[in-house]
Amino acid sequence: MNRFHVGLGVSGGIAAYKAVEVMRLLQKAGCEVSVAMTRHATEFVQPLTFRALTGGHVIVDDYDPANPDPIAHINFSQGIDLLLIVPATANIIGKFANGIADDFLSSTYLACTAPVMIAPAMNTTMWEQPATQRNIERLRADGVHFVEPVAGELACKTVGTGKLEDVENIVSQALGLLTAEAQRRGEERGTGAFPEKGVSIESNDPRRLGVSAVNDDLRDERILITVGGTREAIDPVRFISNHSSGKMGFALAEAARDRGAEVTVVAGVTTAEPPEGVRVLRGVSAEEMHTAVKGELERATVFVGAAAVADYAPVNAADAKIKKEGKEQLTLELKKTPDILAEVARNRTNGLLVVGFAAETNDVVGYARSKMEKKGLDMVVANDITREGAGFNSDTNIATILTRGGEAIDLPKMPKRELADRILDEIVKLR
Ligand code: PMT
């Protein structure tokens with residue numbers, strides 16, 4: 001089985017040293033990694049570090065006499081399955097978005113036909129600049145994948161969004177994209193490390209972590225779960241979203257993992273940490289979540305929609321920040337987002353079990369039952385989000401489980417992790 005080949009591009013930010021860890025994790029997962037750096041990146045990390053660990057020449061400059069390949073940007077870009085940029089500065093994002101090719105990495109991007117994934121890291125003000133956000137939107141429209149930076153303390157001692165996402169998450173998403181692309185092309189591809197499962201990374205693989213399933217009643221299941229809230233852009237700085245933390249969906253992922261299932265999560269915006277031992281893909285908007293789910297569905301035996309997906313998104317996200325001067329009122333035109341859960345249920349094949357959630361504020365069971373019928377679900381977990389200790393962002397939940405043709409199961413307040421097991425018990429019974 002062919003191994004995946006990742007082109008790792010490193011640009012010049014303080015987080016450049018974390019690219020070494022990304023490279024190491026990709027190698028541990030069985031990928032072959034070739035490294036390219038911008039000249040500024042070499043101010044932070046020596047090319048020798050990457051050369052020693054990959055055994056290959058690290059390209060900074062096409063025209064360097066030491067470069068063994070005279071047309072390296074073409075050969076490098078054509079031989080890889082993924083171009084992964086870690087960290088990506090505002091400058092390299094700007095060059096990619098505008099087709100500027102004035103160094104090795106930007107020329108490689110232009111010459112690349114493989115998928116591209118970018119993990120930005122920068123100061124919050126630079127991240128929030130309309131120019132940066134505009135460039136990101138343009139690249140997204142061009143099909144580039146982003147691993148969004150997270151909030152935290154930055155090198156400049158300020159606190160805000162701009163910190164590089166955890167390296168494990170970056171690698172997990174890169175591996176997820178490689179597998180999804182290989183499946184789309186109908187290829188039998190793996191990393192060499194865990195060929196029987198496609199791809200995984202060491203720190204996220206339950207067998208390597210020593211996480212063993214005590215009750216492995218889900219060992220034959222491949223569970224796909226949507227988690228968290230979605231974010232629908234109004235303009236480069238504003239969005240529509242909701243309060244979902246991802247705690248409920250991640251609790252389900254963890255419980256299913258512990259019961260022996262192979263778990264893939266498609267997460268929107270989350271504040272909770274994903275559990276180890278599950279594959280995490282990101283789909284920040286409803287549209288992106290929809291695309292990620294479609295790419296994963298074929299392998300799944302159970303689908304659970306725990307995400308709070310926005311029902312509506314702006315018809316056209318503005319390219320530039322909307323100015324408030326002279327406007328006492330602003331009307332947003334919204335369009336319906338794809339109903340992921342309904343579509344999954346409608347197109348199900350091969351005995352796929354489809355489970356939805358219902359976040360309601362009144363007539364909870366009534367609305368939940370009608371959702372189950374209208375969307376053709378096997379099960380609905382209804383939570384009354386107005387109750388203390390239930391719904392968004394709390395560590396506990398209060399739910400009623402409805403199954404097709406079954407009695408309503410009213411559950412008292414309990415930790416989300418415990419509720420996750422109760423939901424999985426009902427899934428096992430439906431089998
Ligand atoms: O993440 P937490 O902070 O832990 O909070 C947990 C939770 C409250 C988000 C969770 O328990 C929950 O109820 N999730 C579903 C929230 C929701 O959007 O409910 P809904 O009634 O609007 O949607 C019904 C179902 O359709 C859900 O399974 C939803 O994932 C799905 N849906 C909705 C709209 C859409 N466009 N696509 C969908 O797939």
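Start at 1 with the first residue, then count along the sequence. These numbers come from a predicted model, not from an experiment.
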- prompt: Do Val266 and Val227 have side chains that get closer than 4.5 Å, going by heavy atoms?
  reply: no

message: Atom NZ of residue position Lys327 - does it have more than 12 heavy atoms of other residues, nucleotides or ligands inside 6.0 Å?
response: yes

query: Mind checking whether Val6 and Ile80 have side chains closer than 4.5 Å, heavy atoms only?
result: no

query: Does the side chain of Thr337 come within less than 4.5 Å of His290's, by heavy atoms?
result: no

- prompt: With a 4.0 Å cut-off, would you call Lys416 and Asp395 a salt bridge?
  reply: no

message: When you compare the side chains of Ser244 and Asn242, does any donor N or O come within less than 3.5 Å of an acceptor on the partner?
response: no

query: Is any NZ, NE, NH1 or NH2 atom of the basic residue among Arg431 and Glu221 found under 4.0 Å from an Asp or Glu carboxylate oxygen of the other?
result: yes

task: Answer yes or no: does atom CZ of Arg387 have more than 12 heavy-atom neighbours from other residues, nucleotides or ligands under 6.0 Å?
output: no

- request: Answer whether the closest heavy-atom distance between the side chains of Pro115 and Glu181 falls below 4.5 Å.
  value: yes

message: Can you list everything that forms a side-chain contact (heavy atoms from CB on, under 4.5 Å) with Asn91? Sequence neighbours excluded, please.
response: Thr89, Lys95

query: Taking NZ, NE, NH1 and NH2 as the nitrogens, is one of them in Lys429 or Asp217 under 4.0 Å from a carboxylate oxygen of the other?
result: no

field: Candidates Arg299, Arg257, Arg222 - the one meeting salt bridge (charged side-chain N to carboxylate O under 4.0 Å, His left out) with Glu262
entry: Arg299

- prompt: How far does CZ of Phe146 sit from CD1 of Ile93, to the nearest 0.5 angstrom?
  reply: 5.0 Å

field: Pair Thr54, Arg24: side-chain N/O donor-acceptor within cut-off below 3.5 Å
entry: no

Value rounded to 0.5 Å, distance of CD in Glu273 from CG in Asp166: 6.0 Å

field: SB check Lys294 Glu343 (cutoff 4.0 Å)
entry: no

query: Could Arg134 and Glu137 be called an ion pair, given the rule that one side-chain N must be under 4.0 Å from one carboxylate O?
result: no

query: Using 4.0 Å as the upper bound for N to carboxylate O, is an ion pair formed by Arg348 and Asp378?
result: yes

- prompt: So, Glu373 and Arg404, do they make that salt bridge, N to O below 4.0 Å?
  reply: no

field: Leu252 and its side chain to side chain contact (heavy atoms under 4.5 Å, CB included) partner, picked from Leu419, Ile427, Ile225
entry: Ile225

message: Counting neighbours of CZ on Phe392 that are heavy atoms of other residues, nucleotides or ligands and sit closer than 6.0 Å, is the number greater than 12?
response: yes

query: Do Gln329 and Thr331 have side-chain N/O donor and acceptor atoms under 3.5 Å apart?
result: no

- request: Identify whether the distance between the nearest side-chain nitrogen and carboxylate oxygen of Asp425 and Arg259 falls below 4.0 Å.
  value: yes

query: Residues in side-chain contact (heavy atoms from CB on, under 4.5 Å) with Glu298, at least two apart?
result: none

message: Looking only at side-chain N and O atoms, does Gln173 offer a donor or acceptor that is under 3.5 Å from a partner on His145?
response: no

message: Could you tell me if Glu426 and Thr403 have a donor-acceptor pair between their side chains, going purely by distance under 3.5 Å?
response: no

Within 6.0 Å of CG in Asn350, more than 12 heavy atoms from elsewhere: no

Which residues share a ring-ring contact (aromatic ring centres under 6.0 Å, His included) with Phe303, sequence neighbours left out: none

- prompt: Are Arg417 and Glu254 within salt-bridge range, i.e. N to O under 4.0 Å?
  reply: yes

